[in-house]
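Worth knowing before you read on, the calculation uses all heavy atoms, side chains too, and leaves out hydrogens, waters and symmetry mates. Residue numbers count from 1 along this sequence. Keep in mind that this is a model prediction, so the values were computed, not measured.
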Amino acid sequence: MDDVVIGIDASTTAVKAIAFARNGAELFQARETYPLSNPAPGHFEQDAEHWWTALLAAVKQVAGKVGGSRVAAISIAHQRETFTLIDAAGKPLILWLDERARPQVARLSAELGREAIRDWSGKPPDPTPALYALAWLAEHRPQALGQAAALVDVHGFFVHRLTGRLVTSTASADPLGLLDIKTGTWHPRLVEAAGLRPEHLPELVGPGEICGGLSESAAALTGLQAGTPIIAGAGDGQAMGLGMGVYGPGKSYLSLGSGVVSGNYAGAVATSDAFRTLVSPTGSGFMLETVLRSGMQLVDWIVRTTGAPSAAILEKAAMEVPAGSDGLLVMPYWAGVMSPYWDGAARGAIVGLSLDHEPRHLFRAVLEGIAFEQAIATAAMEERTGKAEAMIAAGGGANSTLLMRIMANVLERPLSVSPVNEAAALGAAMLAASAVGWFASPEDAAMAMAAPPARRVDPVDALVPAYRARKAIYRDLYHATRDIHARLGAA
């Protein structure tokens with residue numbers, strides 16, 4: 001009885017394997033963590049063998065609970081931009097968090113043309129895509145690339161281990177920055193710039209296609225049946241949107257996690273500094289995405305810095321602060337800025353401080369800054385896609401009553417809150433369910449398996465004009481501080 005699919009979410013800190021029923025109900029979840037290495041400032045690495053051990057343990061727990069014979073298929077969502085090399089002499093691995101390749105960003109932008117890279121790959125030059133970290137390897141550890149049999153993203157690594165085939169999804173490979181966004185094939189100029197050869201690269205298939213069957217050896221290690229289909233998945237950002245029910249025009253997703261990620265569907269290719277362009281998880285169309293690196297982690301920072309007992313206590317106090325935080329304005333670039341400025345030198349700014357301000361003012365001002373930033377990003381995306389009729393929010397920040405109220409007022413629209421805690425794994429499960437014929441398409445799977453919103457937060461008409469005026473001031477803050485931050489970084 002093949003009535004279960006498994007969605008995998010291999011994040012930066014853990015592998016989660018979750019069994020889902022046909023209606024999207026979660027049946028059982030297993031989670032296995034792994035360490036993150038920070039060997040030097042700005043350097044972030046992991047051991048891919050830790051991923052593999054965690055995957056096997058998590059899937060084995062799920063199979064033991066629901067029964068391996070019930071599993072119809074598996075699909076994988078994963079941390080994006082992270083890569084490893086398959087070879088006999090070790091596996092150098094660099095994570096999406098890594099900052100070491102900023103010099104390579106500058107060099108390749110000069111050599112190939114900044115706009116050319118953006119329009120080929122869909123991603124403005126930035127250290128996040130693997131392209132630049134690979135170029136760093138080619139300069140600093142050329143023997144690693146020279147000995148490599150293949151380059152793989154996290155999805156490709158798992159598929160190779162599970163099936164023996166060197167194949168990955170276009171929606172998984174795309175964030176590496178090596179794909180031609182218009183054709184969904186490896187771009188020869190970008191591959192060459194990364195120090196790779198075509199034979200280094202996996203075969204590409206569309207999300208929702210079958211990558212291969214589970215090998216006998218992998219079946220023995222997981223408790224699943226040999227031949228179980230492994231379905232091409234997507235990066236966790238795109239998969240998360242699908243799991244929240246965002247798969248076509250008219251809807252957008254807003255993930256309020258450590259960083260803030262938002263995405264709108266576009267039927268045709270569009271490239272801009274205002275967003276990144278990614279292959280859609282359904283294989284049809286594209287996702288335009290914005291990223292604010294410093295999201296809810298700023299709440300943790302405020303709690304630590306002010307010595308407050310908890311975020312909940314600060315939030316309760318901040319609710320008594322009027323909209324606008326009594327003249328306090330925060331630019332939330334604690335970790336630099338991606339869209340729309342792509343400026344690694346940018347840093348946070350707190351403007352308007354007076355002796356009357358307290359931690360509760362700072363707390364509210366940070367939430368307002370995050371909302372202002374999101375409003376500007378959303379407006380830029382919607383110039384290309386049209387205004388989304390529905391914006392669906394998820395992540396830890398969606399549990400903040402104050403943030404959701406501020407967001408609705410600053411964005412000037414109602415926000416729906418998704419009840420799904422593991423949207424990326426559910427999005428992968430939707431692809432698996434479609435591939436085995438439960439549904440006619442990933443879109444139909446999303447319609448059937450996505451849970452309805454848990455609640456809705458509406459803007460307050462009386463607050464919208466004040467926030468609109470404050471947003472206009474915020475829009476000028478980056479330009480007013482850009483040169484200062486650049487000079488500080490160079491000093």
Side-chain angles (χ1 to χ4, degrees), residues 12 36 38 40-45 79-82 94-110 114 117-118 121-133 135-136 175-177 237 255-262 272-276 278 289-302 304-305 329-351 365-378 380-381 397 474-491:
T12 311
L36 173 67
N38 184 201
H43 292 211
F44 293 93
E45 302 175 358
Q79 55 169 305
R80 300 181 292 186
E81 293 97 16
T82 297
I94 298 177
L95 269 65
W96 64 275
L97 291 163
D98 203 276
E99 296 278 335
R100 76 186 72 181
R102 288 199 178 277
Q104 285 69 34
V105 173
R107 177 174 64 79
L108 293 183
S109 295
R114 186 181 179 283
I117 293 175
R118 182 196 68 195
S121 69
K123 292 137 198 79
D126 172 81
T128 310
L131 164 63
Y132 309 100
W136 183 91
L176 297 176
S255 174
L256 298 167
S258 297
V260 176
V261 180
S262 64
S272 168
D273 281 356
F275 46 76
R276 305 192 307 169
L278 295 153
E289 185 181 273
T290 66
V291 180
L292 174 62
R293 285 179 177 266
S294 300
M296 298 314 294
Q297 61 181 317
L298 291 186
V299 171
D300 297 333
W301 178 86
I302 294 170
R304 292 196 313 271
T305 303
L329 199 62
V330 170
M331 186 171 71
Y333 296 165
W334 265 241
V337 59
M338 293 175 66
S339 53
Y341 307 120
W342 306 98
D343 184 355
R347 286 296 178 264
I350 303 173
V351 178
V366 163
L367 299 188
E368 289 176 341
I370 291 171
F372 291 142
E373 188 68 23
Q374 185 57 52
I376 292 169
T378 296
M381 281 196 297
Y474 175 86
R475 191 183 293 271
D476 294 335
L477 190 54
Y478 167 76
H479 301 287
T481 59
R482 177 181 57 193
D483 291 345
I484 291 172
H485 287 134
R487 288 163 60 194
L488 279 172

So do Phe372 and Leu329 actually touch side chain to side chain, heavy atoms under 4.5 Å? yes
On a heavy-atom basis, the closest approach of Ala135 and Arg107 is CB-NH2, 3.8 Å
Indicate the atoms forming the closest heavy-atom contact of Pro127 with Glu99, along with that distance. CG-OE1, 4.1 Å
Does the Asn38 side chain pair with the main chain of Ala40, one donor and one acceptor, at a distance under 3.5 Å? yes
Find out whether Glu373 and Glu368 are in side-chain contact, i.e. whether some heavy atom of one side chain is under 4.5 Å from a heavy atom of the other. no
Using side-chain heavy atoms (C-beta onward) and a distance below 4.5 Å, is Val260 in contact with Thr290? no
Go through the structure and list residues passing side-chain contact (heavy atoms from CB on, under 4.5 Å) with Met338, not counting sequence neighbours. Asp126, Thr128, Arg276, Val291, Arg293, Trp342
Using atom types as modelled and distance alone, determine if a side-chain donor or acceptor of Asp98 lies under 3.5 Å from a backbone N or O of Phe44. yes
side-chain contact (heavy atoms from CB on, under 4.5 Å) between Leu256 and Val261, worked out: CA-CA 7 Å; Leu256 298 167; Val261 180; over 6 Å; no
Will you find, in the side chains of Ser294 and Trp301, an N or O donor that is under 3.5 Å from an N or O acceptor? no
Min side-chain heavy-atom separation Thr82-Gln79 under 4.5 Å: yes
Pairwise side-chain contact, Arg80 with Leu176, heavy-atom cut-off 4.5 Å (strictly under): no
Looking only at non-hydrogen atoms, find the nearest pair between Ala274 and Ala380 and report the distance. CB-CB, 3.5 Å
Test item: side-chain donor near acceptor, Ser262 and Gln374, under 3.5 Å: yes
When the ring centroid of His479 is compared with that of Tyr341, is the distance short of 6.0 Å? yes
Can a cation-pi geometry be assigned to Arg100 and Trp136, taking NZ or CZ under 6.0 Å from the six-membered ring centre and within 45° of the ring axis? yes
What's the verdict on side-chain contact (heavy atoms from CB on, under 4.5 Å) for His43 and Ile94, showing C-alpha distance, side-chain angles and the deciding distance? CA-CA 8 Å; His43 292 211; Ile94 298 177; over 6 Å; no
Determine whether Leu298 and Pro332 make a side-chain contact, defined as any pair of heavy atoms from C-beta on separated by less than 4.5 Å. yes
Are Arg347 and Tyr333 side-chain neighbours, meaning at least one heavy-atom pair lies under 4.5 Å? no
Taking salt bridge (Lys or Arg N to Asp or Glu O under 4.0 Å) as the cut-off, I'd like each qualifying pair that reaches into residues 480-491, sequence neighbours left out, listed once. none
Verify side-chain contact (heavy atoms from CB on, under 4.5 Å) between Ile117 and Tyr132, making sure each step is shown before the conclusion. CA-CA 11 Å; Ile117 293 175; Tyr132 309 100; 3.3 Å; yes
Gly295 to Ile370 - nearest heavy-atom pair and separation: O-CD1, 3.6 Å
